[in-house]
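Structure record follows, encoded as structure tokens.
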Amino acid sequence: MKTEQEIKEVLRQWVLTKSKKVTDSELKFDTHLLETRILSSLHVMELILEVEKMKGTRFNLKNIKPGVFNSIDTIYSSFFGSPA
Amino acid sequence: MSQDISKVAKILTAQSIKGFYNPFTHIKFPETLDRRNWFTSPELISIYGSSEWEALSEEQRQTLSFFETVNFFSLNVHGEKSLLEGLSRRLYDNNDADVTDYIHHFIDEENKHMYFFGTFCEKYAGKIYPDRKLIFPREYAEGEEEFLFFIKVFVFEEIVDYYNVTAARDERVMALSREINANHHEDEARHLAFGRVILNNLFKTYSPQWSTETLAGVREYIKNYYMTTWREYYNPDIYIDMGLAHPYDLVSRTFESTKAKEHRATASRASLNYLKKCRIIEENFEL
Ligand SMILES: [Fe+2]
Ligand SMILES: [Fe+2]
């Protein structure tokens, strides 16, 4: 089982490889990803696959609200934070 | 709207009326299907030619062709759903009566297609694979949102058509699937014609007023949209249903493979060439 920090770091690295709009030193766990266009909505589909893979389960996309992808912190708390 | 759009809309409306059909009797759906069939051309299957493909028996490959078809039909349902939303919003929203007339047919036909695709998936697979595409609201320059809506329609329909034409012509493919693909292609020929004219026109109208950043953003969006559209053709749910090992890794590995890149280049060539001809994109890009 990965710790919170480890999961967030995996997500952070994923964002860094996908987006050329942010540097390693700029990207924090609470950096806003959508407002700053670091991630486009089109990246999100790939991110969903990444999260599904990490969790090993599928989730219901109907329950996903835009706020979920605001930052690495919100992604973590939405998908990994509380027991499902 | 320009004169050529009105003219094209009028011609297409006449053709749609001529080709009008009742979707509920047009295609017969048997109670059950024998999965020992090709549901699409083997060459269209995502993992075609890979070592995973080589390891499958003929029977497993045919079963895979069933789930790949369920995925293809599912992505059509999702695409057509948002297409219908966008088209409905555009009804009576321009001062061109011919365009409005044609949008009525466009909507009518997409609704019929969804019925065919949806019925196939529900009846024979008991489900439609869920969508992973989310679009968040943002702000647009003048004409940008309109242009991007038709870009999405264009990319979606152009790629789908490549699959429709290939499967419809393939004698190995079972009759019902061929029929759905062929029927879709017939209607889509009109949508594609409309989409091409309207895209070119919107671009000519609005892009001269866009800033360099807006134009660069639009071009970036087009590339991303192609990529995202293509990603949907490599769905882990297919591999899960087939019981293949490490479905998510298989998705990334397959998507990145040379074979898949070549396939995407072939299937996207005509539409990219068109965008380039209209100067909407500067160069064809790798997908
Ligand atoms: Fe359609
Ligand atoms: Fe269409």
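In the text below, chain A, chain B and the rest are named by the order of the sequence lines, each starting its count at 1.
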Legend entry - Over 12 non-hydrogen atoms of neighbours within 6.0 angstrom of CD in A:E4: yes

Inset, instruction - Find out whether B:W210 and B:F147 are in side-chain contact, i.e. whether some heavy atom of one side chain is under 4.5 Å from a heavy atom of the other. - result: yes

Legend entry - Best-contacting candidate, A:R58, A:E46, A:E35, against chain B by heavy atom pairs under 4.5 angstrom: A:R58

Inset, instruction - Look at B:K127 together with B:E122 and state whether they make a salt bridge at an N to O cut-off of under 4.0 Å. - result: no

Inset, instruction - Anything in residues 218-233 of chain B with a heavy-atom distance to chain A below 4.5 Å? Please list those residues in order. - result: B:Y221, B:N224, B:Y225, B:T228, B:R231, B:E232

Inset, instruction - Decide, yes or no, whether a salt bridge links A:D24 with A:R12 under the criterion of side-chain N to carboxylate O below 4.0 Å. - result: yes

Inset, instruction - Let me know if A:L49 has heavy atoms under 4.5 Å from chain B in its side chain, its backbone, both or neither. - result: both

Legend entry - Side-chain heavy-atom pair B:L83, B:F106 within 4.5 angstrom cut-off: yes

Inset, instruction - Before giving the answer on ring-ring contact (aromatic ring centres under 6.0 Å, His included), spell out for B:F120 and B:H113 the whole-Å C-alpha distance, their side-chain angles and the decisive distance to 0.1 Å. - result: CA-CA 11 Å; B:F120 184 97; B:H113 302 162; over 10 Å; no

Inset, instruction - For the pair B:D237 and B:R132, find out whether any cationic side-chain nitrogen is under 4.0 Å from an anionic carboxylate oxygen. - result: yes

Legend entry - B:E158/B:R196 ion pair, N-O < 4.0 Å: yes

Inset, instruction - Say whether B:T214 and B:Y140, considering side chains only, have a donor N or O and an acceptor N or O under 3.5 Å apart. - result: no

Legend entry - Basic-acidic side-chain contact under 4.0 Å: B:E110, B:K81: no

Inset, instruction - Name, in order of residue number, those residues of residues 245-257 of chain B that have a heavy atom at a distance of less than 4.5 Å from a heavy atom in chain A; otherwise write 'none'. - result: B:Y248, B:D249

